Undergrad: 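This is the structure I want to talk about, given as structure tokens.
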Amino acid sequence: MLTAPPLVDIQDLKVTFTGGPKPICAVNGVDLALERGETLAILGESGSGKSVTLRALLRLNPEKRTKVDGRIAVGGEDVLALKPRELQAFRGRTVSMIFQEPALALDPVYTLGHQIAETIVKHNGGSYADAKAKALDLFERVRIPSPERRLENYPHEMSGGMRQRAMIALALACNPKVLLADEPTTALDATVQIQILLLIRELQREFGIAVIFVTHDIGVAVEVADRVAVMYGGRIVETGPIRDIIRRPRHPYTIGLLKSRAHDAMAKGTRLDAIPGSPPDLANLPPGCSFAPRCKLGTPACTEAVPEPVAVGEGHEARCFRTDQTAAA
Amino acid sequence: MLVYLGKRLVYTIPIVIGVSIVCFMLVHIAPGDPLVSVLPPDASEQLKIQMMAAYGFDRPYYEQFFKWCLRAIQGDLGTSIATGRSVTGEVLNAVRNTLLLAVVATFIGFFFGLLFGFVAGYFRNSAIDKIASILSVIGVSVPHYWLGMVLVIVFAAQLNWLPPTGAGPGGSSEWRPDWAHIRHLILPAVTMSVIPMGIVARTIRALVADILSQDFVPALRAKGLSELGIFGHVVKNAAPTALAVMGLQLGYLLGGSILIETVFSWPGTGFLLNAAIFQRDLPLLQGTILVLALFFVMLNLIVDVVQTAIDPRIQRS
């Protein structure tokens with residue numbers, strides 16, 4: 001098939017926070033590949049390492065207190081080797097990011113128009129007036145009503161949904177190749193969530209950018225993603241096309257996650273099938289599979305070594321020793 | 001903005017009226033006889049009454065107050081009992097000297113305060129931060145009159161580098177921009193700058209550390225801004241609070257420091273106030289307090305307006 005390297009290529013990424021009394025292994029060997037125009041959802045609960053992986057792509061984790069190993073390449077550029085100036089040019093132009101809480105991620109004392117124009121001038125040069133015109137165009141594309149007036153607004157003067165649209169406009173300002181979205185709909189109302197998701201999907205097609213979408217909500221992943229990577233304890237435990245993962249999950253954690261969802265057809269009185277136990281302590285990871293202590297199918301072997309990814313279908317892999325048992329489930 | 005400015009100006013009117021009432025009453029409530037300094041101890045009862053009438057002290061308070069206000073509006077604050085000179089002239093002269101000292105002290109204090117504050121906030125928990133923090137704590141806690149005396153002992157008495165007291169050679173209170181006058185300014189200005197330096201440094205450090213921990217900072221980094229560009233954002237975010245604190249400090253400095261001006265015999269408002277209190281010079285005391293109070297009102301007004309202009313989150317209505 002294709003011989004060209006993927007647009008985003010993460011190999012054996014390890015991120016350790018060294019600031020505290022004990023090192024915290026937030027990401028423990030993540031391999032990810034993303035093609036041009038593809039949308040990948042990273043699914044996982046809090047502390048699974050999904051946001052840290054995303055931030056590592058832009059080197060946003062505090063450098064002094066973080067140890068990053070492995071390889072991150074975007075469009076052939078080695079991200080971890082970039083010098084400060086190259087990193088600045090890379091951020092926002094090659095890869096840009098939408099944050100979870102637009103109310104906090106936008107500077108409160110500058111107008112939205114200024115914040116977008118500032119980014120455009122920084123990356124593309126040119127005059128501030130031209131950048132303002134481009135910002136207006138972006139506001140129209142993310143469908144903000146009365147964009148001329150909104151450009152002069154401060155973040156606190158807009159609603160949550162409008163702020164997130166502005167954030168998306170900001171992220172798209174310099175035509176990035178990759179858009180990172182860190183739970184962009186979590187802080188929004190349910191109705192607004194759908195609008196934002198549809199907007200991101202639409203813009204993704206229009207601009208032809210690749211999107212990595214971090215979420216803890218399977219519903220959101222189904223809505224936007226081509227492919228899903230399920231993270232647990234700083235590792236990707238299962239990855240595959242969204243349909244396969246939903247219909248034939250093979251990792252016990254993914255199976256548990258899908259079962260613990262409240263289906264709309266769920267009968268009144270039935271108990272929600274929750275995963276017992278709690279997520280692993282990242283400062284003190286078990287030597288084997290980090291899900292083993294909570295796993296119904298766990299065997300002694302599971303606690304001894306970390307399972308390697310096992311191919312269970314076309315582009316579908318699960319890190320589990322017991323995939324033979326999960327096929328029937 | 002203009003409407004806001006107008007409204008804000010109107011709001012100061014009741015404050016000014018209140019301030020003048022308090023100024024006037026405060027002095028009258030205080031015990032002691034205002035004529036004690038001009039009358040000989042063995043003055044006759046008749047002479048006393050005559051003098052009271054001459055200064056208007058025999059009239060009811062409200063009448064004295066209205067007369068005083070009426071003249072104050074015209075720029076006449078009465079005559080000093082002790083010196084017989086016009087209070088307005090005395091106060092203006094003192095204000096000029098205090099302003100000079102305050103402005104120089106402000107520059108020194110704010111410059112180092114901002115410098116230490118930003119550095120400490122940016123490099124939190126580093127050695128630089130600790131040194132800056134220690135310096136600012138010392139700055140706020142050391143009694144400045146004591147520091148003034150120590151500086152006089154070291155730089156004037158021991159090293160003989162700088163003059164110990166006064167505003168100019170030969171006790172002149174007229175400022176001239178020459179080296180002889182600047183030499184007199186250095187010690188009191190440095191002494192005076194220490195407290196605002198400490199307060200500004202501590203405020204800025206806390207502010208900067210808080211701003212840097214906010215989510216929009218990684219977001220700015222994520223869009224490719226340089227550290228200098230991010231610094232610009234930090235400064236603008238810190239500005240409203242920093243300005244409020246600095247305005248307040250400037251107010252304190254403009255009010256003059258009785259202690260510092262006394263230590264250095266600096267002919268400013270503090271010095272004047274001190275003299276007025278000890279001589280029971282009521283007109284002078286009232287006039288000085290009024291002018292200082294009005295200073296504060298004006299300064300608060302300016303700070304409010306500037307803050308509103310910078311920070312969009314403050315409602316202008």
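Letters A, B, ... mirror the listed sequences (proteins, then strands); counts begin at 1. Note that the coordinates shown come from a computational prediction; the quantities given were computed from them, not determined experimentally.
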Undergrad: Rounded to the nearest 0.5 Å, what separates atom CZ in A:Arg91 from atom CG in B:Leu220?
TA: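 Here the rounded value is 11.0 Å.
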Undergrad: Look at atom CZ of B:Phe112 and say whether more than 12 heavy atoms of other residues, nucleotides or ligands are closer to it than 6.0 Å.
TA: no
Undergrad: Would you name the heavy atoms of B:Ala219 and A:Ala105 that are closest together and state the gap between them?
TA: CB-O, 3.2 Å
Undergrad: To the closest 0.5 Å, what do you measure between CG (A:Asp107) and CG (B:Asn237)?
TA: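 Rounded to the nearest 0.5 Å, the CG-CG separation comes to 4.5 Å.
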Undergrad: Look at atom CZ of A:Phe207 and say whether more than 12 heavy atoms of other residues, nucleotides or ligands are closer to it than 6.0 Å.
TA: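 Yes, the 6.0 Å shell around CZ holds more than 12 heavy atoms from other groups.
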Undergrad: What closest approach, in Å, do A:Gln88 and B:Glu227 show between heavy atoms, and which atom pair accounts for it?
TA: NE2-N, 4.2 Å
Undergrad: Under 4.5 Å from any heavy atom of chain B, what part of A:Arg93 do you find: side chain, backbone, both or neither?
TA: neither
Undergrad: Regarding A:Gln115 and B:His233, do their side chains bring together a donor and an acceptor under 3.5 Å, going by distance alone?
TA: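 Side-chain D/A pair, A:Gln115 to B:His233: absent.
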Undergrad: For the atom pair OG (B:Ser226) and NZ (A:Lys122), what is the distance rounded to the nearest 0.5 Å?
TA: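 Here the interatomic distance stands at 4.5 Å.
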Undergrad: Atom CZ of residue position B:Phe107 - does it have more than 12 heavy atoms of other residues, nucleotides or ligands inside 6.0 Å?
TA: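 No.
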Undergrad: Roughly how far, to the nearest 0.5 Å, is the CG atom of A:Leu106 from the CD atom of B:Gln214?
TA: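 Answer rounded to 0.5 Å: 12.0 Å.
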Undergrad: Look at atom CZ of A:Arg143 and say whether more than 12 heavy atoms of other residues, nucleotides or ligands are closer to it than 6.0 Å.
TA: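 Counting neighbours around CZ of A:Arg143, more than 12 heavy atoms of other residues, nucleotides or ligands fall under 6.0 Å, so yes.
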Undergrad: With only heavy atoms counted, which part of A:Leu170 is less than 4.5 Å from chain B, the side chain, the backbone, both or neither?
TA: side chain
Undergrad: Is it the case that over 12 heavy atoms from other parts of the model lie below 6.0 angstrom from the CZ atom of A:Arg36?
TA: no
Undergrad: Looking at B:Gly232 and A:Tyr110, what are the two nearest heavy atoms and their distance?
TA: O-OH, 3.7 Å
Undergrad: Could you tell me whether B:Tyr11 atom OH has more than 12 heavy atoms of other residues or ligands within 6.0 Å of it?
TA: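 No.
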Undergrad: Just wondering, do B:Lys223 and A:Met97 contact through their side chains at under 4.5 Å, heavy atoms?
TA: no
Undergrad: Nearest 0.5 Å, please: how far is CD in A:Glu101 from CG in B:Asp215?
TA: 8.0 Å
Undergrad: State the CG-CZ distance between A:Leu58 and B:Arg221, to the nearest 0.5 angstrom.
TA: 12.0 Å
